[in-house]
Engineer: 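One structure follows; several queries about it will come next.
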Amino acid sequence: MGREFFVWENFVILSEEKMAAKEKYEESELFRIRHSAAHVMAQAVLEKFPGAKIAIGPAIDDGFYYDFDLPRPLTPEDLVEIEDRMRQIIRGKFPFVRKEISAEEARKLFRDQPYKLELIDGLESGGFDENGEPLNEKPILSTFSHDTFTDLCRGPHVKDTSEIDPEAIKLMSVAGAYWRGDEKRPMLQRIYGTAWYNKEEMEQYLWKLEEAKRRDHRKIGRDLDLFSIVDEVGAGLILWHPKGAMIRKITEDFWMSEHERSGYQFVYTPHIGKASLWETSGHLNFFKENMFSPLDIEGQQYYLKPMNCPFHIHIYKSQLRSYRDLPLRYAEKGTVYRYERSGVLHGLMRVRGFTQDDAHHFCREDQMPHEIDFVLEFSLNILRAFGFNDFKAYLSTKPAKSEGDPARWKAAEAALEASLKRYGVEYELDEGGGAFYGPKIDLKINDAIGREWQLSTIQFDFNEPECFDMNYIGEDGLPHRPYMVHRALLGSMERFFGILIEHYAGAFPVWLSPIQAVVIPIADRHLDYAKKVVESLKSAGLRAYADERSERMNAKIRDAQNQKIPYMLVVGDKEIENNQVALRLRSGENPGPMALEAFLDKARQEIAKKI
RNA sequence: GCCACCGUAGCUCAGCUGGUAGAGCAGACGAUUCGUAAUCGUCCGGUCGAGGGUUCGAAUCCCUCCGGUGGCUCCA
């Protein structure tokens, strides 16, 4: 067994091979099976609701969905019924028949299907595909038919429904989805389903989903008493319990010492600032929807800070800066508040108040490439210390609408890309995906059920230095605009903690474990010795306690096990006699009796190695 | 914010079509002193998310709000 590290299957840097694999999925039989299952589902739904309007139904990772406009909300019973009917249809061995048609024919065929008509318009004008994405060339329209159902579709599909295993499909859930993802358009009902080559594969998938639930940070957070979110305090606001706070403290201590030794200077800034500050910074322009309403203080408006940068900029501006002063690196664990719409809140991952491990670099143009190298290497090292090696990197470049000198954009993008290459980080290019004020690198990882979360971000800002008219005096005696880089490595303490919990399923490495060792006396007469052992552990710097309850040893082990405490030290008559402890690990391994000193050596080593 | 579902003791959950609540775990107390994943017993614990309505009577039905879950949208 070993330790409970989780190996992420889809948790890799997107390399070219992976991209190729992704393209291959769309040509795979599994893709055709899923896409075809979506059609079969649409048929079953249309039979049940003859007036239903159908939208689109693609294959997706792990399954498929289809969007419908229905006369009433779907119930779980409906899903069972639809699923049963799907099996019947599949057993009918209906062939899928492709037919090319003209736009005119298509309009006639789908005259009662307004969503299809809209798609036809988009396709015909050569403008947009089914997702509303622009098309390069005018496509040939085609339909696919099986049994009684015909859909506007480019395919590909299975030859006939016998290629779908009726025992390897399952309807998973129904959810609302805006037509074309636009919240101004109608809300449709989306049915999600999953489909596999065979029953075994599907069951394996379902088992994985169950497993993912078991490592959900919200559940573990409660079970291990790490944090809570309570109604009366407010949605999206986190209470860190002592054990969670201990992990945070260890994380922050490590973070602080790494920053200190790498040339950062720490700053502290307030939680609120005057409206005029946020006007100057531009936040009231482009970030207002995410800011809490202002506080009125003696007739002046103050806002809770959604970001730390304006404060750091003011520290920069507190005196005249020389080119010799640069680079400056200001770091702060800055607590910010952002209004997030209620529907998007999610445990620790998406909250309304959080602490960013923020920093701002100010440098000269000639220092910029090195500064990026430095920050990228620094982030990778920090992330590795927490056991993260696999993530996706994204490089986002200049969008159509942007501010700042194009030459600066070019230089910054080049610096970012060069650093990624230098450090061997494979990345995906998100052309035009940068913010209006600068290009950036994002590092993202997946949570327990494959949702992607942003961790680190390194982004240039060409806007704020202008807004605040930042300067330094160059060798030429003239003022120059410094380059400014925002960066957060862990992202926010809250989200990072959530990701940590899921990554380790609560079995944190020893150096992070809030309780590292529990001493378990077998009977009450071993209590004194147990307490003595705890004292030794504590003076050696371990976080330890004795389980003094009048419970049986088995119960104490079980509880320690469930609390994922790394070391259990059982002490009974034999241990007392030999001045030993009997070590048991949460993995179930049982190294057995050893001298206390021997255990301390082992523990010290593992803590130093951060495993 | 939108769609759907959900909200009963600290936790997990039962309580059918309306007749004012129950289990296990946790907790307290007592007994037990035991060698690698749950010792036994007793007790405590809920104005059924909040407010309003229908009804002789609401945890059960209706409305509003709050919160959660899964999606959508958003994510500087």
Side-chain angles (χ1 to χ4, degrees), chain A residues 65 67 69-70 72-76 78-79 172-192 213 216 218-219 222-223 225 228-236 281-283 285-291 306-309 336 338-347 349-351 356 434-438 440 442 449 451-454 457 459 461 463-464 486 488 491 495 520-527 549-563 568-575 582-586 588-593:
Chain A
Y65 69 79
D67 288 345
D69 195 344
L70 300 174
R72 65 163 174 84
L74 289 164
T75 64
D78 293 330
L79 287 196
M172 304 297 285
S173 62
V174 46
Y178 298 111
W179 167 236
R180 295 203 142 162
D182 182 346
E183 61 185 314
K184 289 179 192 72
R185 310 294 306 265
M187 172 75 68
L188 306 173
Q189 295 192 65
R190 173 173 298 178
I191 304 177
Y192 281 97
K213 261 194 212 159
D216 189 314
R218 294 165 298 184
K219 176 175 167 43
R222 165 163 295 143
D223 291 348
D225 193 18
S228 62
I229 303 168
V230 306
D231 204 353
E232 200 181 2
V233 173
S281 69
H283 287 90
N285 240 331
F286 60 80
F287 204 63
K288 192 166 187 190
E289 320 77 76
N290 281 293
M291 291 169 71
M307 293 189 196
N308 304 301
C309 28
V336 298
R338 296 184 186 174
Y339 166 71
E340 299 281 2
R341 304 213 269 179
S342 55
V344 306
L345 299 174
H346 180 86
M349 304 298 204
R350 192 84 182 264
V351 296
Q356 292 183 305
F436 74 85
Y437 53 80
K440 61 176 179 173
D442 290 328
I449 44 182
R451 281 179 290 217
E452 194 174 70
W453 297 102
Q454 182 171 320
T457 182
Q459 42 185 284
D461 190 335
N463 187 48
E464 280 184 294
H486 306 254
R495 178 178 293 178
I520 299 176
I522 290 175
D524 284 354
R525 66 176 177 282
H526 309 126
L527 252 174
R549 294 174 304 162
S550 158
E551 282 290 347
R552 294 176 59 202
M553 177 199 65
N554 276 329
K556 295 180 187 178
I557 286 179
R558 180 170 194 273
D559 289 342
Q561 200 72 51
N562 286 335
Q563 287 298 304
M568 286 159 255
L569 302 173
V570 179
V571 296
D573 292 335
K574 282 182 274 180
E575 285 70 26
L583 175 63
R584 180 196 159 102
L585 306 175
R586 62 187 162 191
E589 284 171 85
N590 198 349

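Quick caveat, the model's predicted, so the values are computed rather than measured. Chain letters run A, B, ... following the sequence lines, proteins first and then strands; every chain starts at 1.
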Engineer: Under 3.5 Å, is there a donor-acceptor pair between the side chain of A:Arg350 and the main chain of A:Leu345?
Structural biologist: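 No; zero donor-acceptor contacts below 3.5 Å.
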
Engineer: Can you find a donor-acceptor pair, distance only, under 3.5 Å between A:Arg72 side chain and B:A4 base?
Structural biologist: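 No, the side chain and the base share no sub-3.5 Å donor-acceptor pair.
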
Engineer: Identify which nucleotide among B:G68, B:C72, B:C34 has an atom closest to any side-chain atom of A:Leu345, counting heavy atoms from C-beta outward.
Structural biologist: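 Side chain of A:Leu345 sits closest to B:G68.
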
Engineer: On RNA chain B, compare the nucleotides closest to A:Leu74 and A:Lys440; which residue's is nearer the 5' end?
Structural biologist: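 Final value for this comparison: A:Leu74.
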
Engineer: Check the phosphate of B:U39 against A:Arg552, side-chain N and O only, distance under 4.0 Å to OP1 or OP2. Yes or no?
Structural biologist: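 Result: yes.
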
Engineer: Scan side-chain atoms only and decide if A:Arg584 and A:Gln561 contain a donor-acceptor pair under the 3.5 Å cut-off.
Structural biologist: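 Their side chains do contain a donor-acceptor pair, which is all the 3.5 Å distance test asks for.
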
Engineer: What is the nucleic acid contact for A:Gly181, judged by heavy atoms within less than 4.0 Å: base, sugar-phosphate only, or nothing?
Structural biologist: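 Here A:Gly181 touches the backbone only, sparing every base.
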
Engineer: Run the side-chain contact (heavy atoms from CB on, under 4.5 Å) test on A:Lys213 and A:Lys219 for me, step by step, so that the C-alpha distance in whole Å, both residues' side-chain angles and the decisive distance to 0.1 Å come before the verdict.
Structural biologist: CA-CA 8 Å; A:Lys213 261 194 212 159; A:Lys219 176 175 167 43; over 6 Å; no

Engineer: Could you list the protein-to-nucleotides 40-42 of chain B atom pairs, N/O on both sides, closer than 3.5 Å?
Structural biologist:
none

Engineer: Looking at A:Lys556 and A:Arg549, would you say the former's side chain and the latter's main chain have a donor-acceptor pair under 3.5 Å?
Structural biologist: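 Pair found, side chain donor or acceptor close to backbone of A:Arg549.
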
Engineer: With sugar-phosphate meaning primed atoms plus P, OP1 and OP2, does A:Phe436 contact a base, only sugar-phosphate, or nothing at under 4.0 Å between heavy atoms?
Structural biologist: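 Result for A:Phe436 = base.
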
Engineer: A:Arg218 side chain: which of B:G70, B:U33, B:U36 is closest?
Structural biologist: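 Selected nucleotide: B:G70.
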
Engineer: Quick check for you: to the nearest 0.5 Å, what is the distance between A:Asp559 atom CG and A:Asn554 atom CG?
Structural biologist: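 Reported value, rounded in 0.5 Å steps: 11.0 Å.
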
Engineer: Do any side-chain nitrogens or oxygens of A:His346 fall under 4.0 Å of OP1 or OP2 in B:G68?
Structural biologist: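 A:His346 to B:G68 OP1/OP2: no side-chain N or O under 4.0 Å.
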
Engineer: Go through B:C34, B:G35, B:A38 for me and flag the one nearest to the A:Val570 side chain.
Structural biologist: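 Within the option list, the nearest is B:G35.
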
Engineer: Return the polar atom pairs (N/O with N/O) between nucleotides 9-15 of chain B and the protein under 3.5 Å, or none.
Structural biologist:
none

Engineer: At what distance, to the nearest 0.5 angstrom, does CG of A:Asn463 lie from CG of A:Asn285?
Structural biologist: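 Those atoms lie 9.5 Å apart.
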
Engineer: Check this one for me: any side-chain N or O of A:Tyr192 less than 4.0 Å away from OP1 or OP2 of B:C72?
Structural biologist: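 A:Tyr192 to B:C72 OP1/OP2: side-chain N or O found under 4.0 Å.
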
Engineer: Let's test this: given Watson-Crick or G-U wobble pairing with both distances under 3.5 Å, identify the partner of B:G30.
Structural biologist: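 Its partner is B:C40.
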
Engineer: Between B:C16 and B:C61, how far apart are the P atoms? Round to whole Å, please.
Structural biologist: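 Taking atom P in both B:C61 and B:C16, they lie 9 Å apart.
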
Engineer: Applying a 3.5 Å limit to both distances, which nucleotide forms a Watson-Crick or G-U wobble pair with B:C25?
Structural biologist: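 B:G10 - that is the nucleotide pairing with B:C25, both distances being under 3.5 Å.
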
Engineer: Contact class for A:Asn554 (heavy atom, under 4.0 Å): base, sugar-phosphate, or nothing?
Structural biologist: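 Answer is sugar-phosphate: A:Asn554 comes under 4.0 Å of backbone atoms only.
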
Engineer: Using purine N1 to pyrimidine N3 plus N6-O4 or O6-N4 for Watson-Crick, or N1-O2 and O6-N3 for G-U wobble, each under 3.5 Å, what pairs with B:U54?
Structural biologist: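 The base-pairing partner of B:U54, which may sit in any strand shown, does not exist here.
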
Engineer: When rounded to the nearest 0.5 angstrom, what is the spacing between CE in A:Met307 and CD in A:Gln356?
Structural biologist: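 That separation rounds to 7.5 Å.
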
Engineer: With RNA chain B as reference, determine whether A:Gly572 or A:Ala555 sits nearer its 5' end, using the nearest nucleotide of each.
Structural biologist: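 The residue mapped nearer the 5' terminus is A:Gly572.
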
Engineer: Just so I know, are the side chains of A:Glu589 and A:Leu583 near enough to count as touching, which here means a heavy-atom distance under 4.5 Å?
Structural biologist: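 SC-SC contact between A:Glu589 and A:Leu583 ruled out.
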
Engineer: Has the side chain of A:Glu575 got a donor or acceptor atom sitting under 3.5 Å from an opposite partner on the base of B:G35?
Structural biologist: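 Looking at the base of B:G35, it does pair with a donor or acceptor on the side chain of A:Glu575 (distance under 3.5 Å).
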
Engineer: Both distances under 3.5 Å, Watson-Crick or G-U wobble: report the partner of B:C65, or none.
Structural biologist: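 Pair assignment: B:C65 / B:G49.
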
Engineer: Could you measure the distance from the CG atom of A:Asp442 to the OG1 atom of A:Thr457? Nearest 0.5 Å is fine.
Structural biologist: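 If we round to the nearest 0.5 Å, A:Asp442:CG and A:Thr457:OG1 are 4.0 Å apart.
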
Engineer: Determine, for A:Arg218 against A:Asp216, whether the closest basic-nitrogen to carboxylate-oxygen distance falls under 4.0 angstrom.
Structural biologist: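 Here A:Arg218 pairs with A:Asp216 in a salt bridge, since their nearest N and O are under 4.0 Å apart.
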
Engineer: What's touching nucleotides 63-67 of chain B from the protein side, N or O pairs under 3.5 Å?
Structural biologist:
{"from": "B:G67", "atom 1": "O4'", "to": "A:Asp231", "atom 2": "OD1", "distance (Å)": "3.4"}

Engineer: Does any donor-acceptor pair link the side chain of A:Tyr178 with the base of B:G71 at a separation under 3.5 Å?
Structural biologist: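 No, no donor-acceptor pair under 3.5 Å.
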
Engineer: Going by modelled atom types, is there a donor-acceptor pair between the base of B:U73 and the side chain of A:Arg341 at under 3.5 Å?
Structural biologist: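 Per atom types, the contact qualifies.
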
Engineer: Please give the nucleotide sitting opposite B:U17 as a Watson-Crick or G-U wobble pair, both distances under 3.5 Å, or none.
Structural biologist: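 Checking every strand shown, B:U17 finds no partner, since no pair has both distances under 3.5 Å.
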
Engineer: Do A:Ile520 and A:Ile557 have side chains that approach each other closer than 4.5 Å (heavy atoms only, starting at C-beta)?
Structural biologist: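 Sidechains of A:Ile557 and A:Ile520: in contact.
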
Engineer: Over how many whole Å does the gap from A:Asp182 atom CG to B:C2 atom P extend?
Structural biologist: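 Result: 16 Å.
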
Engineer: NA contact type, A:Lys574, heavy-atom cut-off 4.0 Å: base, sugar-phosphate, or nothing?
Structural biologist: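 Result for A:Lys574 = base.
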
Engineer: Could you let me know what B:C72 is paired to, Watson-Crick or G-U wobble, both distances under 3.5 Å, or none if it's on its own?
Structural biologist: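 Answer to the pairing question: B:G1, which forms a Watson-Crick or G-U pair with B:C72.
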
Engineer: Taking A:Tyr178 as the fixed residue, which of A:Met187, A:Arg190, A:Lys184 is the one that meets the side-chain contact (heavy atoms from CB on, under 4.5 Å) rule?
Structural biologist: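 Only match with A:Tyr178 under side-chain contact (heavy atoms from CB on, under 4.5 Å): A:Met187.
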
Engineer: Starting at CZ of A:Arg552, measure out to CD1 of A:Ile522 and round the result to the nearest 0.5 Å.
Structural biologist: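 Answer for the CZ-CD1 pair, A:Arg552 versus A:Ile522, is 11.5 Å.
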
Engineer: Give one of base, sugar-phosphate or nothing for A:Ala582, where a contact means two heavy atoms less than 4.0 Å apart.
Structural biologist: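 Base, at least one base atom sits under 4.0 Å.
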
Engineer: I want to check one thing: is the phosphate of B:C34, taken as OP1 and OP2, less than 4.0 Å away from some side-chain N or O of A:Arg525?
Structural biologist: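 Checking B:C34 against A:Arg525, a side-chain N or O does come within under 4.0 Å of OP1 or OP2.
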
Engineer: A:Arg584 has a side chain; which of B:G35, B:A37, B:A4 sits nearest to it?
Structural biologist: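 Closest nucleotide among those given: B:A37.
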
Engineer: Considering only B:C72, B:U73, B:A31, which nucleotide approaches the side chain of A:Arg190 most closely?
Structural biologist: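 Of B:C72, B:U73, B:A31, B:C72 is nearest to the side chain of A:Arg190.
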
Engineer: Ignoring hydrogens and angles, are the base of B:C75 and the side chain of A:Arg350 linked by a donor-acceptor pair under 3.5 Å?
Structural biologist: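 In this structure, the two groups form a donor-acceptor pair.
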
Engineer: Within the side chain of A:Glu289, is there an N or O that forms a donor-acceptor pair under 3.5 Å with the backbone of A:Glu340?
Structural biologist: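 Looks like no, no N/O pair under 3.5 Å.
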
Engineer: Tell which nucleotide pairs with B:U60, taking only Watson-Crick or G-U wobble pairs whose two distances are both under 3.5 angstrom.
Structural biologist: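 Matched B:U60 with nothing under the 3.5 Å cut-off.
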
Engineer: What is the distance, to the nearest angstrom, from the NZ atom on A:Lys556 to the C1' atom on B:A37?
Structural biologist: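 Answer to the nearest Å: 14 Å.
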
Engineer: When we call it a touch if two heavy atoms are under 4.0 Å apart, what does A:Asp559 touch: a base, just sugar-phosphate, or nothing?
Structural biologist: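 The answer is nothing, as A:Asp559 stays clear of every strand by at least 4.0 Å.
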
